[in-house]
Amino acid sequence: MIPLEAPGRGRRSREPLLDTIQGLTDDFLAQIRAKRVGPYALYGHSMGAYLCYLVIRRLLLEHDAPPLHLFISGAAGPARVKPKNATIHHLPKEDFLAAVQQYGGLPNEILASGEMTDYFVPILRADFQAVETEKKVESRLPLDLAMTVMTGSDDKMVTIEQARLWQAESLQPLSFKVLSGEHFFIFNHWPSIGEIIVNKLSLI
């Protein structure tokens, strides 16, 4: 497994944050091209899933090798209609944190630490800004690409119906899994997710 890391966090914390989908897509595309060796698959959660999808479209457009499989979790299909005026990236810090907390996944230890919130708020704000300010894209032709979509049974950000919209992006039948939990259900299901990925790739 080769993790991809966006600028402004982790080992790349000294780099400027990116707050546009275009900038993040360009960055992830460059990382994938630099790190892949032979046949590969992509896995992304939430915004990361959407970025993987956009990277694949760029790879095909530029006549480059796409992955064998796309694994998605915690993400609505691109065909979802975004609610109007549902932006939070511009809110004051306390209001922004309260809105993010509704999605689940922000540990109390982070919320209780001013130092930790000072570190994470700019990162989260940039991510939400990238998603919330993306310009509407006209419908795209579906890809001839195998996809596995995993979603949380109680996800407040992505309904099961919205997760199923990924079928519109692929000519192949969608493999769909519902796991218990909210938006960050992945933290309680790493072994199951690993097993799903390994089993699917072993059939290729």
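Predicted, not measured: the structure shown is a model, and the values here were computed from it.
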Using every non-hydrogen atom in the two residues, find where I56 and P66 come nearest and quote the distance to one decimal. CG2-CB, 4.4 Å
Should L171 and L143 be marked as a side-chain contact (heavy atoms from CB on, under 4.5 Å) after you check the CA-CA gap, both sets of side-chain angles, and the distance that decides it? CA-CA 6 Å; L171 296 173; L143 305 173; over 6 Å; no
Rounded to the nearest 0.5 Å, how far apart are OG of S13 and CD1 of I123? 8.0 Å
Salt bridge (Lys or Arg N to Asp or Glu O under 4.0 Å) for R125 and D19? Distances and angles first, verdict last. CA-CA 8 Å; R125 200 184 289 279; D19 56 13; over 6 Å; no
Separation between CG (L124) and CD (Q129), nearest 0.5 Å, reads 13.0 Å
Worked verdict on H183 versus T151 for side-chain contact (heavy atoms from CB on, under 4.5 Å): CA-CA 8 Å; H183 187 63; T151 192; over 6 Å; no
What verdict does the side-chain contact (heavy atoms from CB on, under 4.5 Å) test give for T25 and R58, after you've listed the backbone C-alpha separation in whole Å, the side-chain angles of each residue and the deciding distance to 0.1 Å? CA-CA 9 Å; T25 302; R58 282 277 300 279; 4.1 Å; yes
Nearest non-hydrogen partners of G23 and T20, listed with the distance: N-OG1, 3.0 Å
Hey, what do you get for CD (Q162) to CZ (R80), rounding to the nearest 0.5 Å? 5.0 Å
Non-hydrogen atoms of E134 and L54 that approach each other most closely: OE2-CD1, 4.4 Å
Between L18 and P7 the two heavy atoms that sit nearest each other are CD1-CG, 3.7 Å
Pairwise distance CG(D27) to CD(E15) - rounded to 0.5 angstrom: 7.5 Å
Sub-4.5 Å side-chain heavy-atom contact between L42 and F71: no
Would you give the length of the straight line joining atom CG of L179 to atom CD1 of I186, rounded to the nearest 0.5 angstrom? 10.5 Å
With a 4.5 Å heavy-atom cut-off, do H189 and S180 have their side chains touching? yes
Is any side-chain N of the basic residue among R164 and E161 closer than 4.0 Å to the acidic one's carboxylate O? no
Can a donor-acceptor pair be found, under 3.5 Å and without considering hydrogens, that links the side chain of N199 to the backbone of E195? yes
Looking at R9 and E5, is any side-chain nitrogen of the basic one under 4.0 Å from a carboxylate oxygen of the acidic one? no
Could you check if a side-chain atom of L24 sits within less than 4.5 angstrom of a side-chain atom of M47, using non-hydrogen atoms only? yes
So that I can tick it off, tell me whether E62 and R33 are bridged by a salt bridge, with the cut-off set at under 4.0 angstrom between side-chain N and carboxylate O. yes
Would you mind checking if K93 and D118 are paired as a salt bridge, meaning a charged N to carboxylate O distance below 4.0 Å? yes
When hydrophobic residues are tied together by side-chain contacts of less than 4.5 Å, even through go-betweens, does V198 share a cluster with F176? no
Selection residues 34-44 - residue pairs positive for salt bridge (charged side-chain N to carboxylate O under 4.0 Å, His left out), sequence neighbours left out: R36-D64
Minimum-distance pair of heavy atoms, taken over all atoms of I72 and A49: CG2-CB, 3.7 Å
Does the side chain of Y43 come within less than 4.5 Å of C52's, by heavy atoms? no
Would you say the side chain of F128 lies within less than 4.5 Å of the side chain of V100, judging by non-hydrogen atoms? yes
Whether H45 and F185 hold their rings parallel, tilted or perpendicular, with breakpoints at 30° and 60°: perpendicular
Is there a side-chain contact between M147 and L174 (heavy atoms, below 4.5 Å)? yes
Donor-acceptor contact below 3.5 Å, side chain H69 vs main chain T148: yes
Output, in order, the C-alpha distance, side-chain angles, deciding distance and verdict of side-chain contact (heavy atoms from CB on, under 4.5 Å) for L60 and L145. CA-CA 11 Å; L60 292 171; L145 178 72; over 6 Å; no
For G181, does its backbone N or O pair with a side-chain atom of S153 as donor and acceptor, under 3.5 Å? yes
Check: S170 main-chain N/O paired with Q167 side-chain donor or acceptor under 3.5 Å: yes
Heavy-atom distance under 4.5 Å between the side chains of P142 and E169, does that happen here? no
Under 6.0 Å from the CG atom of L203, do we count more than 12 heavy atoms belonging to anything else shown? yes
Measuring only between side-chain heavy atoms, which start at C-beta, is H89 closer than 4.5 Å to T133? yes
State yes or no: do F28 and L61 share one hydrophobic cluster built from I, L, V, M, F, W and Y residues joined by side-chain heavy-atom distances below 4.5 Å, directly or via other members? no
Using ring centroids (six-membered ring only for Trp), state whether W166 and Y53 fall under 6.0 Å. yes
In this structure, CZ of F96 is separated from CD of E94 (nearest 0.5 Å) by 11.5 Å
Provide the closest heavy-atom pair for Y40 versus I32 in the form atom of the first, atom of the second, distance. CE1-CG2, 4.1 Å
If two hydrophobic side chains count as joined below 4.5 Å and joins carry through other members, does W190 share a cluster with L201? yes
